[in-house]
K.L.:
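Can you read through this structure? Questions will come right after.
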There are 2 protein chains.
Amino acid sequence: MAKVLPAAPFEGANENLAATTAPQDVSREDAATFDVLRKMREDILCCVLKPDQKLKFGELRQRYDTSVGTLREALSHLVSEGLARTESGRGFQVSPISLADFLDLSELRVYLETKTLADAIRHGTDAWEAEIVSSYFLLSKLAAPRQDDPLSVKQEWGKRHKRYHDALVATCRSPWSLHYRSELFDQARRYHWLTMIHSRLHRRNEHIEIRDAVLARDSDRACSLLEQHIRTTVEQAVTDVPGLMRGNARVLKPGTRRKS
Amino acid sequence: MAKVLPAAPFEGANENLAATTAPQDVSREDAATFDVLRKMREDILCCVLKPDQKLKFGELRQRYDTSVGTLREALSHLVSEGLARTESGRGFQVSPISLADFLDLSELRVYLETKTLADAIRHGTDAWEAEIVSSYFLLSKLAAPRQDDPLSVKQEWGKRHKRYHDALVATCRSPWSLHYRSELFDQARRYHWLTMIHSRLHRRNEHIEIRDAVLARDSDRACSLLEQHIRTTVEQAVTDVPGLMRGNARVLKPGTRRKS
DNA sequence: CAGTTCAATATTTTCGAAAGTTTCGAAAAT
DNA sequence: ATTTTCGAAACTTTCGAAAATATTGAACTG
């Protein structure tokens, strides 16, 4: 599989809002503690760390080769992103998933994705268009993964998929909307992962339709396509992910035992 | 000043969505580390820790009487809430404020506050109404503070103000919307604080108007009033907070020096 | 005098050990 | 047979010391 440059936001993506107050995107930090955070987040999003799973310091220390203090900091971060929970004295666990949650976050996503996309189109630049073309190209080189593809292919697809969707809205001028959009996109990735694992449904190429509408600066059509894109994914998950509707979805192997 | 019971959400506020995935509200946790977090957050919101101020471990350790590890965890949390920033190797600082930021977050607040309020009205219960009446009563006992009121009065008013606005939307069924609404409300509190310190403008009693519209289940009127409430606050800040428009607002005393 | 270098100082980051809780299961009591 | 009590084991939380990194300022150079 061809290597891809790290998703570096193109120059001037947000130059007129350089010093903003909205929460920091941690993905550019290079300290060890952020490294652990990034790895753990990816593991949760890809259900390597499964929903409801207890996160014990002993195990995590081995897995990520770091100290409790560093781990604690990373876990704390994940809690505020909503990917983990904690009860004082009882440690941490991966956040549960549920149909209600997926519906709720998807509804908010529809609003934030369309709002940021409309604004991005309004303020689009040549560099923005270029990154959309480029990130779409990279995404299209990888067919949407099926359940029997190896983990690494699925993960690479996930990265490119995110990079493409980030590119679409990159010139939006509202840092707060962008921040929450990004957080919710990650949340949705957990459910997408489950869908990817279970579904055999073939979807038409929605990404290229969105791309073309965006490049044509047809805001209404682009937003409407993006909204459908999100809603279709929800429906697909409802239909294909076993247990999600009954509230006891399991990931790969039977998850950790739950109380009564 | 009369003491007030801690703002305990009334029973059954969210009973049908007990186990949700949305980020945890940390205000109910009782561990030492959350104590520090709560105190630091309050200090930032009330500009005791001023925008752009460098947060040194030495000083913080004294002020909050705790260890570096615990501090680090709290600071890390504040970063993901957007109240602090960090650059690896260079420690932490309080997030800057700016007019652009206030405008941006207020715009998103209008959407989230009205959306959550409409849903809360739709699903309101007797207990919800009771908490609105009660929290409004407590708020009305304290006149909106002026610049020469002591810090403790301003802080108590801030608490009651938040409790009242939380009560309004408590029965909203969307945990994610509620979570982001709450985060943005806190963000806005920093600007409200600055306004409170500088403004002499007398505002009509908007809170009682909102309360009555909500209790009458007049969703349209309530949302419209709430929207005005937010917008008026922005205008007041723009007019009365010196330096906010020029991008160099200072808090009380000249802030810490900035580079070039 | 402006710009560099380098050592001294200040500050942040990482770590593992000590203290404090919770959980689990065996033994005692009902 | 079920519940309660108690103590050992597992785990979490807190802490401050050690390592790593950034900043400051004095001495030096062009």
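A, B, ... follow the sequence lines: proteins, then strands. Residue 1 opens every chain. Keep in mind it's a predicted model, so treat the numbers as computed, not measured.
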K.L.:
Using whole Å, report how far CG of B/Leu71 lies from P of C/dT13.
P.N.:
12 Å
K.L.:
Decide yes or no on side-chain hydrogen bond (donor to acceptor under 3.5 Å, both in side chains) for B/His77 and B/Glu73, but give the supporting numbers first.
P.N.:
CA-CA 6 Å; B/His77 229 292; B/Glu73 202 181 319; over 6 Å; no
K.L.:
Name all residues meeting the salt bridge (Lys or Arg N to Asp or Glu O under 4.0 Å) criterion together with A/Arg63; count only those two or more places apart in sequence or in a different chain, and write none if there are none.
P.N.:
A/Asp43
K.L.:
Please report the distance, rounded to the nearest Å, between CD in A/Glu73 and C1' in D/dT14.
P.N.:
15 Å
K.L.:
Can you name the salt bridge (Lys or Arg N to Asp or Glu O under 4.0 Å) partners of A/Glu107, sequence neighbours left out?
P.N.:
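With neighbours one apart ignored, the set is A/Arg231.
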K.L.:
Give a yes/no on whether any side-chain N or O of A/Thr66 is located under 4.0 angstrom from OP1 or OP2 of C/dC15.
P.N.:
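So the side-chain polar atoms of A/Thr66 do come within 4.0 Å of the phosphate oxygens OP1 or OP2 of C/dC15, strictly under.
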K.L.:
Sequence neighbours excluded, which residues qualify as ring-ring contact (aromatic ring centres under 6.0 Å, His included) partners of A/Phe102?
P.N.:
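A/Tyr191.
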K.L.:
Sequence neighbours left out, what passes ring-ring contact (aromatic ring centres under 6.0 Å, His included) with B/His161? Give chain and number order.
P.N.:
B/Trp157, B/His165, B/Phe185, B/His207
K.L.:
Just to verify, what does A/Lys39 make a salt bridge (Lys or Arg N to Asp or Glu O under 4.0 Å) with, not counting sequence neighbours?
P.N.:
A/Asp35
K.L.:
Tell me: CG of B/Leu37 to C1' of D/dT14, nearest whole Å?
P.N.:
16 Å
K.L.:
Rounded off to whole Å, could you give me the CZ-to-P distance for the A/Phe34 and C/dT13 pair?
P.N.:
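Rounded to whole Å, this separation is 8 Å.
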K.L.:
Using salt bridge (Lys or Arg N to Asp or Glu O under 4.0 Å) as the criterion, list what pairs up with B/Lys162, not counting sequence neighbours.
P.N.:
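B/Asp166, B/Asp186.
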K.L.:
Using a 3.5 Å cut-off on both pairing distances, which stems of three or more Watson-Crick or G-U pairs include DNA chain C?
P.N.:
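Stems (3+ consecutive pairs) listed as C:1-30 with D:1-30.
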K.L.:
Applying side chain to side chain donor-acceptor pair (under 3.5 Å), name anything that partners A/Ser182, two or more places apart in sequence or on another chain.
P.N.:
none
K.L.:
Using a cutoff of under 3.5 Å, can you pull out all pairs of nitrogen or oxygen atoms linking the protein to nucleotides 7-13 of chain D, with atom names and distances?
P.N.:
| residue | atom | partner | partner atom | Å |
| --- | --- | --- | --- | --- |
| D/dC11 | OP1 | A/Lys56 | NZ | 3.2 |
| D/dT12 | OP1 | A/Lys54 | NZ | 2.9 |
| D/dT12 | OP2 | A/Phe57 | N | 3.0 |
| D/dT13 | OP1 | A/Gly89 | N | 2.9 |
| D/dT13 | OP2 | A/Arg72 | NH2 | 2.4 |
| D/dT13 | O5' | A/Arg72 | NH2 | 2.7 |

